[in-house]
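Residue numbers begin at 1 in each chain, while the letters A, B, ... track the order of the sequences.
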Number of protein chains: 2
Amino acid sequence: MTEEIQVDDNGKLKCSIEYTLNKVGGKWKLVILWHITFDGTQRYNELRRLLPGITHKMLSQQLKELEQEGLIIRTQYNEMPPKVEYSISERGLTLKPILEAMHEWGTVQGG
Amino acid sequence: MTEEIQVDDNGKLKCSIEYTLNKVGGKWKLVILWHITFDGTQRYNELRRLLPGITHKMLSQQLKELEQEGLIIRTQYNEMPPKVEYSISERGLTLKPILEAMHEWGTVQGG
DNA sequence: CCGGATCCTGCACGATACTG
DNA sequence: CAGTATCGTGCAGGATCCGG
């Protein structure tokens, strides 16, 4: 079994936290994942309401990236009107410790 | 004791994770904290070596912000040549669960 | 050795209009 | 309802020089 070592564009060593930040960094991803994980499956417009301040573009963009990473699952119902649900995947569930830790810290430190 | 509720610029509710991201979000803060927490007290240039790719400006800027947040402690020795050490604070130690969770995830998922 | 000051660039993020 | 398309912009982040 070969050793997989994380490197950046210049071939320098990266620590594992940088890998994580690459996947779920940015302003919205962890917040989205938190809601889908703990509030359960959500529709598109439900997420918009849960995320005050997010724009149309950012929500759909972040959802698409999260789906491509296999962290959430997109389920489309071909009805009228359209209905799309986003749920957490098994891989996404492995982020739970991170979400819980960050939520706990924000709650305690933020008052 | 009054209830402290997190709100954004428009008075909308924020979830605790957003508070956390405000404090330790961005490209470098968590990585810096990880090294100072688990590799122990570090000098300025030692941190530069531990953080391949970080620029002079970003390192000093992030260190200053982390110190102002009370997450790390800056100790200056008035010698020649100058010597400055950065160590984790008690408040900074409360981030340990987050750091461990993100490092663990990056290690497992990143291979 | 440890930074601050300045100037600059690019991309994350946003506003808005349009569509099946 | 659940998105795309287009166009802007501000600030995170970077390069470089200066100073104690």
Side-chain angles (χ1 to χ4, degrees), chain A residues 8-10 12 14-15 17-18 20-33 35-36 39 41-69 72-87, chain B residues 8-12 14-15 17-18 20-33 35-36 41-69 72-87:
Chain A
D8 64 14
D9 298 337
N10 299 322
K12 306 256 187 85
K14 292 171 78 173
C15 91
I17 287 189
E18 291 184 69
T20 303
L21 288 175
N22 261 332
K23 298 296 179 185
V24 293
K27 191 174 176 180
W28 297 109
K29 286 211 176 80
L30 285 171
V31 186
I32 294 173
L33 287 165
H35 284 293
I36 296 182
D39 296 338
T41 299
Q42 301 289 327
R43 297 182 59 172
Y44 184 85
N45 274 346
E46 288 173 335
L47 282 172
R48 286 199 82 184
R49 263 177 273 120
L50 290 173
L51 299 166
I54 198 169
T55 63
H56 224 21
K57 171 190 169 184
M58 288 312 294
L59 180 54
S60 61
Q61 180 183 107
Q62 302 298 303
L63 285 171
K64 184 184 290 185
E65 291 178 16
L66 287 172
E67 189 202 359
Q68 286 171 351
E69 292 289 346
I72 63 176
I73 297 171
R74 181 181 186 276
T75 309
Q76 180 168 353
Y77 301 87
N78 288 318
E79 309 171 346
M80 270 307 285
K83 177 178 168 184
V84 179
E85 286 184 342
Y86 294 92
S87 54
Chain B
D8 64 15
D9 297 337
N10 299 323
K12 305 257 186 83
K14 292 170 76 172
C15 91
I17 285 189
E18 292 183 69
T20 303
L21 288 175
N22 261 331
K23 298 297 180 184
V24 293
K27 191 175 175 180
W28 297 110
K29 287 212 175 77
L30 285 171
V31 186
I32 293 173
L33 286 165
H35 284 294
I36 296 182
T41 300
Q42 300 290 327
R43 297 183 58 174
Y44 184 84
N45 274 346
E46 288 174 335
L47 283 172
R48 287 200 81 183
R49 261 177 277 120
L50 290 174
L51 300 166
I54 198 169
T55 64
H56 217 20
K57 173 192 169 182
M58 289 311 295
L59 180 54
S60 61
Q61 180 183 105
Q62 303 298 304
L63 285 171
K64 181 186 288 185
E65 292 178 17
L66 288 172
E67 188 202 0
Q68 287 171 351
E69 292 288 347
I72 63 175
I73 297 170
R74 181 181 186 275
T75 309
Q76 180 168 354
Y77 300 88
N78 288 316
E79 310 171 343
M80 272 305 285
K83 177 180 169 184
V84 180
E85 284 184 345
Y86 295 92
S87 54

Practice prompt. Have a look at A:E69 and tell me which of A:K23, A:K64, A:K29 forms a salt bridge (Lys or Arg N to Asp or Glu O under 4.0 Å) with it.
Written response: A:K23

Discussion item. As a quick check of understanding, evaluate side chain to side chain contact (heavy atoms under 4.5 Å, CB included) for A:I32 and A:L59, giving each step before the final call.
Written reply: CA-CA 9 Å; A:I32 294 173; A:L59 180 54; 4.0 Å; yes

Separation of [X] atom [atom1] from [N] atom [atom2], in whole Å?
X: A:L21; N: D:dA12; atom1: CG; atom2: P; value: 16 Å
X: A:N45; N: D:dG3; atom1: CG; atom2: P; value: 9 Å
X: B:Q76; N: D:dG20; atom1: CD; atom2: P; value: 14 Å
X: A:E79; N: D:dC1; atom1: CD; atom2: C1'; value: 11 Å
X: A:Q42; N: D:dG3; atom1: CD; atom2: C1'; value: 18 Å
X: B:L63; N: C:dC1; atom1: CG; atom2: P; value: 16 Å
X: B:Y44; N: C:dG3; atom1: OH; atom2: C1'; value: 6 Å
X: A:E65; N: C:dC11; atom1: CD; atom2: P; value: 14 Å

Practice prompt. Any chance you could lay out the side chain to side chain contact (heavy atoms under 4.5 Å, CB included) test for A:T75 and A:T41, step after step, and finish with the verdict?
Written response: CA-CA 10 Å; A:T75 309; A:T41 299; over 6 Å; no

Worksheet item: NA contact type, A:K64, heavy-atom cut-off 4.0 Å: base, sugar-phosphate, or nothing?
Response: sugar-phosphate

Worksheet item: Base, sugar-phosphate, or nothing: which does A:Y77 touch, judged by heavy atoms less than 4.0 Å apart?
Response: nothing

Answer yes or no: does a side-chain N or O of [X] lie under 4.0 Å from OP1 or OP2 of [N]?
X: A:R48; N: D:dG3; value: no
X: A:R43; N: D:dA2; value: yes
X: A:Y86; N: D:dC1; value: no

Item to complete: For the pair B:E18 and B:N22, evaluate side chain to side chain contact (heavy atoms under 4.5 Å, CB included) and give the outcome as yes or no after the intermediate values.
Response: CA-CA 6 Å; B:E18 292 183 69; B:N22 261 331; 5.5 Å; no

Discussion item. Once you measure the plane-to-plane angle for B:H56 and B:Y44, does it fall in the parallel (<30°), tilted (30-60°) or perpendicular (>60°) bin?
Written reply: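 Perpendicular: the ring planes of B:H56 and B:Y44 meet at over 60°.
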
Practice prompt. Could you check B:L66 against B:I36 for side chain to side chain contact (heavy atoms under 4.5 Å, CB included), going step by step and ending with a plain yes or no?
Written response: CA-CA 11 Å; B:L66 288 172; B:I36 296 182; 5.9 Å; no

Discussion item. For a quick check, with a 4.0 angstrom heavy-atom cut-off, what is the B/S/- contact string for nucleotides 13-20 of chain C, read 5' to 3'?
Written reply: BBB-B--B

Item to complete: Answer yes or no: is there a side-chain heavy-atom contact under 4.5 Å between B:V84 and B:R74?
Response: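 Side chain of B:V84 against side chain of B:R74, heavy atoms only: contact under 4.5 Å found.
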
